[in-house]
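Position 1 is the first residue of the sequence, and the numbers go up from there.
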Amino acid sequence: QVELAEFGGRSVQAGGSLGLSCAASGGIFSSFTMAWFRQNPGKEREVVAAISWGHISVYYTDSVKGRFAISRDNAKKTVYLQMNSLKPEDTAVYYCAATWRLDHTGGMDYWGKGTLVTVSS
């Protein structure tokens with residue numbers, strides 16, 4: 001059984017930076033495509049960033065390009081999301097997710113419980 005646990009969510013001022021991490025247990029982490037999603041009440045969950053299992057591809061949604069960076073450490077079984085120049089619209093619950101697929105577009109197989117990021121203006 002694969003389990004994912006997110007860490008790092010908190011309140012931050014607009015323009016600030018915040019780093020999230022997601023630790024995985026179970027499975028072969030290096031074989032997972034990992035992704036960060038976010039969701040606000042009443043809105044659909046959206047993919048924020050994704051990194052393929054072989055570092056072959058990295059994806060960012062347009063609204064975070066140039067501000068967020070996803071990375072992974074296979075030895076630590078951890079994926080990170082560095083968020084800079086945060087905006088109030090980045091406020092959301094951020095979820096870590098994993099899949100055996102080559103990329104995130106076919107859906108994710110495992111999900112964390114989420115961590116809340118609040119950006120105040």
Side-chain angles (χ1 to χ4, degrees):
Q1 181 68 24
V2 176
E3 294 185 354
L4 303 173
E6 302 94 339
F7 301 94
R10 61 176 176 86
S11 296
V12 64
Q13 292 281 338
S17 297
L18 188 63
L20 303 181
S21 62
C22 170
S25 60
I28 303 174
F29 181 80
S30 58
S31 298
F32 293 144
T33 287
M34 301 298 298
W36 287 96
F37 289 72
R38 64 186 179 188
Q39 186 172 25
N40 274 319
K43 294 187 177 181
E44 290 188 0
R45 188 173 298 185
E46 65 167 346
V47 58
V48 176
I51 184 166
S52 66
W53 57 269
H55 291 83
I56 297 173
S57 65
V58 176
Y59 168 87
Y60 296 100
T61 193
D62 286 345
S63 62
V64 308
K65 285 181 180 177
R67 299 189 299 123
F68 289 13
I70 188 171
S71 61
R72 63 190 297 163
D73 186 331
N74 289 339
K76 295 182 178 179
K77 297 184 178 181
T78 300
V79 63
Y80 305 94
L81 184 68
Q82 179 62 39
M83 304 183 291
N84 300 321
S85 301
L86 282 161
K87 305 175 181 180
E89 50 264 43
D90 294 318
T91 295
V93 177
Y94 283 73
Y95 297 89
C96 174
T99 180
W100 299 103
R101 300 176 180 85
L102 293 178
D103 61 38
H104 67 281
T105 58
M108 307 304 288
D109 300 302
Y110 307 102
W111 293 87
K113 294 182 179 180
T115 187
L116 177 63
V117 173
T118 303
V119 183
S120 57
S121 57

Undergrad: Between CD1 of I28 and CG of N74, what distance do you get to the nearest 0.5 Å?
TA: 11.5 Å
Undergrad: Check the pair L20 / E6 against side chain to side chain contact (heavy atoms under 4.5 Å, CB included), numbers first and verdict last.
TA: CA-CA 7 Å; L20 303 181; E6 302 94 339; over 6 Å; no
Undergrad: Following the transitive rule for hydrophobic clusters with a side-chain heavy-atom cut-off under 4.5 Å over Ile, Leu, Val, Met, Phe, Trp and Tyr, establish whether F37 and L81 coincide in one cluster.
TA: no
Undergrad: List the atom pairs, donor and acceptor, that lie under 3.5 Å between side-chain atoms in residues 111-121 and the rest of the protein, sequence neighbours left out.
TA:
unit_1 : atom_1 : unit_2 : atom_2 : d
T115   : OG1    : G9     : N      : 3.1

Undergrad: Verify the cluster assignment for V93 and I70: are they in a single hydrophobic cluster under the rule of side-chain heavy atoms below 4.5 Å apart?
TA: no
Undergrad: Can you see which heavy atom on S17 is nearest to which on Q82, and at what distance?
TA: CB-NE2, 3.9 Å
Undergrad: Check T78 against S21 and note the closest heavy-atom contact, atom names and distance.
TA: CG2-CB, 4.1 Å
Undergrad: Considering all heavy atoms of both residues, which atom of A50 and which atom of A35 are nearest to each other, and what is their separation?
TA: CB-CB, 3.8 Å
Undergrad: Is there a chain of hydrophobic side chains (I, L, V, M, F, W, Y, each step under 4.5 Å between heavy atoms) that links F68 to V58?
TA: yes
Undergrad: Given 3.5 Å as the limit, does a donor-acceptor pair link the side chain of Y110 with the main chain of Q1, or not?
TA: no
Undergrad: Which class fits the ring pair H104 and Y59: parallel under 30°, tilted 30 to 60°, perpendicular over 60°?
TA: tilted
Undergrad: Just do the side chain to side chain contact (heavy atoms under 4.5 Å, CB included) check on C96 and W36 with the steps written out, would you?
TA: CA-CA 5 Å; C96 174; W36 287 96; 4.1 Å; yes
Undergrad: Within this structure, what is the OG-CD distance for the pair S63 and E89, rounded to the nearest 0.5 Å?
TA: 8.0 Å
Undergrad: How long is the straight-line distance from CG of L4 back to OG of S25, given to the nearest 0.5 Å?
TA: 7.5 Å
Undergrad: Should V79 and C22 be marked as a side chain to side chain contact (heavy atoms under 4.5 Å, CB included) after you check the CA-CA gap, both sets of side-chain angles, and the distance that decides it?
TA: CA-CA 5 Å; V79 63; C22 170; 3.5 Å; yes
Undergrad: Please list all pairs meeting ring pair (Phe, Tyr, Trp, His ring centres under 6.0 Å) that have one or both residues in residues 76-95, counting only residues at least two apart or in different chains.
TA: none
Undergrad: Does R72 use its side chain to pair, donor to acceptor, with the backbone of F29 at less than 3.5 Å?
TA: yes
Undergrad: Are V12 and M83 connected in the hydrophobic side-chain network, where two residues link if heavy atoms are under 4.5 Å apart?
TA: yes
Undergrad: Say you draw a straight line from NZ of K77 to CG of D73; how long is it, rounded to the nearest 0.5 Å?
TA: 12.0 Å
Undergrad: Could you check whether any side-chain N or O of T33 sits under 3.5 Å from a backbone N or O of R101, counting only pairs where one atom can act as donor and the other as acceptor?
TA: yes
Undergrad: Hey, does F32 have a side-chain heavy atom less than 4.5 Å from the side chain of D109?
TA: no
Undergrad: Are V47 and M34 connected in a single hydrophobic cluster, I mean Ile/Leu/Val/Met/Phe/Trp/Tyr linked by side-chain heavy atoms less than 4.5 Å apart?
TA: no
Undergrad: Between R38 and N40, do the side chains contain a donor N or O and an acceptor N or O under 3.5 Å apart?
TA: no
Undergrad: Do D90 and R67 come close enough that some side-chain heavy atom pair is under 4.5 Å?
TA: yes
